[in-house]
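Structure record follows, encoded as structure tokens.
One-based numbering, in listed order, for ligands and for the atoms of each.
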Amino acid sequence: MTIVIVGAGIIGTAVADALTLGGADVTVLDMRSPGLGASQASAGILAPYAEAEPHSPLLDLGVRSLSLYDAFVAGAAERSGRAIEYARTGTLQVALDEAHAATLQAESAWLREAGVDATWLDSREIGALEPAVSASSRGGLIIRSHGFVGVRSLVHALMHSARFGGATFESPVEAADVIVESDRVRISAGERSWTADAMVIAAGSWSNRLKIRGASLPAVRPIRGQLLHLRWNGADLPRRVIWGPDCYIVPWSDGSLLVGATVEDVGFDERSTVDGMRQLLDAASALLPSSARASIEAVRVGLRPASPDGLPIIGPMPSMPNVVLATGHYRNGILLAPLTAQIVSAYLLRLGA
Ligand code: GLY
């Protein structure tokens, strides 16, 4: 079965890898280079209980996808021969005032009832566990199954694994028009075109730029996230993701930190701003006072693809079984990549059988 995937971010590369493993003949088109859209800015946090509301469909998807992560990372690393940074050292959500502490304590109670390994810590216990956290914290919630992954290394490993399986990656190619027939799709980009049995739209915030004759794509809009890459100068580098009221901080094994992220509805504007940086620096200093001594390594900006209801859009277009959507993952593209790849590849491989 021949399949064209539009988009070579975390979702496109994960789907490409899963499809090649299933024996499909895959071509991936990207308007930039693989992993240079939202994926390159992502902090790679894997934290469904911090991102989703209790008892929500998003939580269910996130928990299922997290359970696939060990095998997903191990498989991509083994097949590609590339190392992927991956740690399941938990998240520590820190309250800096009483109201936030009450919210986190309530969350802690329902998580424990649901059988999740979560513990409420008072500020003295936080000081013993993560000495860099502000001494004026009002306590925090540790969720041990959470973690983070190095997104660049993961995207590249998935791409190389898919290539070893026979996939072709072409960039820069901005796919523009799609003509769908019952058993074929034809995708054009300028003078070039590709014909395949089926296609997958995994172009994140840019998904709507594709024109499909006779159909309109669901609205996905960009929500900007700015992040700061810092180098920690001093003792007590955090050992796990620290999540405060206004930022989260991811500690890498090389001694650097990612501080994220702003949430801004500013269209396709990928610039960083003074206001965004100020917001992140203030939030990081309130949470980890000694981060004021850190040096600034880089600023990253990405556009999260937000769907109208905040849920990912995964599955065939109405009345077009050979055009499959895998977009709109908003804040959870990295977390939901293994589950999305599993759903999309199972569907398409069955369609082609
Ligand atoms: N998942 C974190 C973010 O989108 O900022």
Side-chain angles (χ1 to χ4, degrees), residues 9-11 14 35-53 56-66 69 85-94 141 143 145-152 154-155 204-207 220-230 238 240-252 257-266 268-270 272-273 275-277 279-284 287 298-307 309-313 327-340:
I10 182 69
I11 300 297
L36 287 189
S39 302
Q40 55 78 34
S42 171
I45 299 180
L46 307 169
Y49 296 106
E51 283 281 6
E53 295 297 321
S56 62
L58 184 60
L59 181 61
D60 181 39
L61 292 172
V63 169
R64 282 167 58 197
S65 201
L66 185 62
Y69 238 96
E85 182 158 6
Y86 174 57
R88 293 287 287 275
T89 40
T91 51
L92 176 63
Q93 291 167 264
V94 176
L141 174 62
I143 302 177
S145 59
H146 284 165
F148 61 93
V149 64
V151 179
R152 278 180 211 203
L154 177 58
V155 169
S205 292
W206 292 267
S207 298
V220 175
R221 69 181 206 290
I223 300 293
R224 184 167 71 187
Q226 303 186 45
L227 293 96
L228 263 172
H229 189 183
L230 302 181
R240 52 184 59 72
V241 174
I242 311 289
W243 202 314
D246 299 311
C247 75
Y248 50 72
I249 296 179
V250 181
W252 297 96
L257 302 167
L258 265 189
V259 181
T262 62
V263 180
E264 303 163 85
D265 193 351
V266 292
F268 286 90
D269 182 348
E270 292 177 271
S272 55
T273 63
D275 205 32
M277 292 303 107
Q279 218 176 295
L280 293 173
L281 290 169
D282 288 349
L287 194 57
V299 173
R300 300 190 191 178
V301 183
L303 300 178
R304 306 174 183 89
S307 67
D309 65 2
L311 288 169
I313 306 167
T327 186
H329 292 73
Y330 190 39
R331 296 176 60 97
N332 290 289
I334 310 305
L335 172 64
L336 297 177
L339 184 64
T340 305

How long is the span from the [atom1] atom in [X] to the [atom2] atom in [Y], to the nearest 0.5 Å?
{"X": "L66", "Y": "L61", "atom1": "CG", "atom2": "CG", "value": "12.5 Å"}
{"X": "I313", "Y": "T340", "atom1": "CD1", "atom2": "OG1", "value": "11.5 Å"}
{"X": "L303", "Y": "W206", "atom1": "CG", "atom2": "CH2", "value": "4.5 Å"}

Need the ligand 1 atom indices (1-based, order shown) with element for anything under 4.0 Å from a heavy-atom of E51. 1 (N), 2 (C)
Within ligand 1, which atoms have a heavy atom of A261 less than 4.0 Å away? 5 (O)
For atom 4 (O) of ligand 1, closest protein heavy-atom neighbour: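 The answer is R304 NE, 2.7 Å.
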How far is atom 1 (N) of ligand 1 from the closest protein heavy atom, and which atom is that?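 The closest one turns out to be R331 O, 2.7 Å.
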Within reach of ligand 1, part of Y248 (heavy-atom separation under 4.0 Å): side chain
Quick one: closest heavy-atom pair of Y330 and A306, and the distance? CD1-CB, 3.6 Å
Mind listing the side-chain donor-acceptor pairs of residues 41-51 below 3.5 Å, one per line with the distance, residues two or more places apart or on another chain?
from : atom 1 : to   : atom 2 : distance (Å)
S42  : OG     : G44  : N      : 3.0
E51  : OE1    : R331 : NE     : 2.7
E51  : OE2    : R331 : NE     : 3.3
E51  : OE2    : R331 : NH2    : 3.3

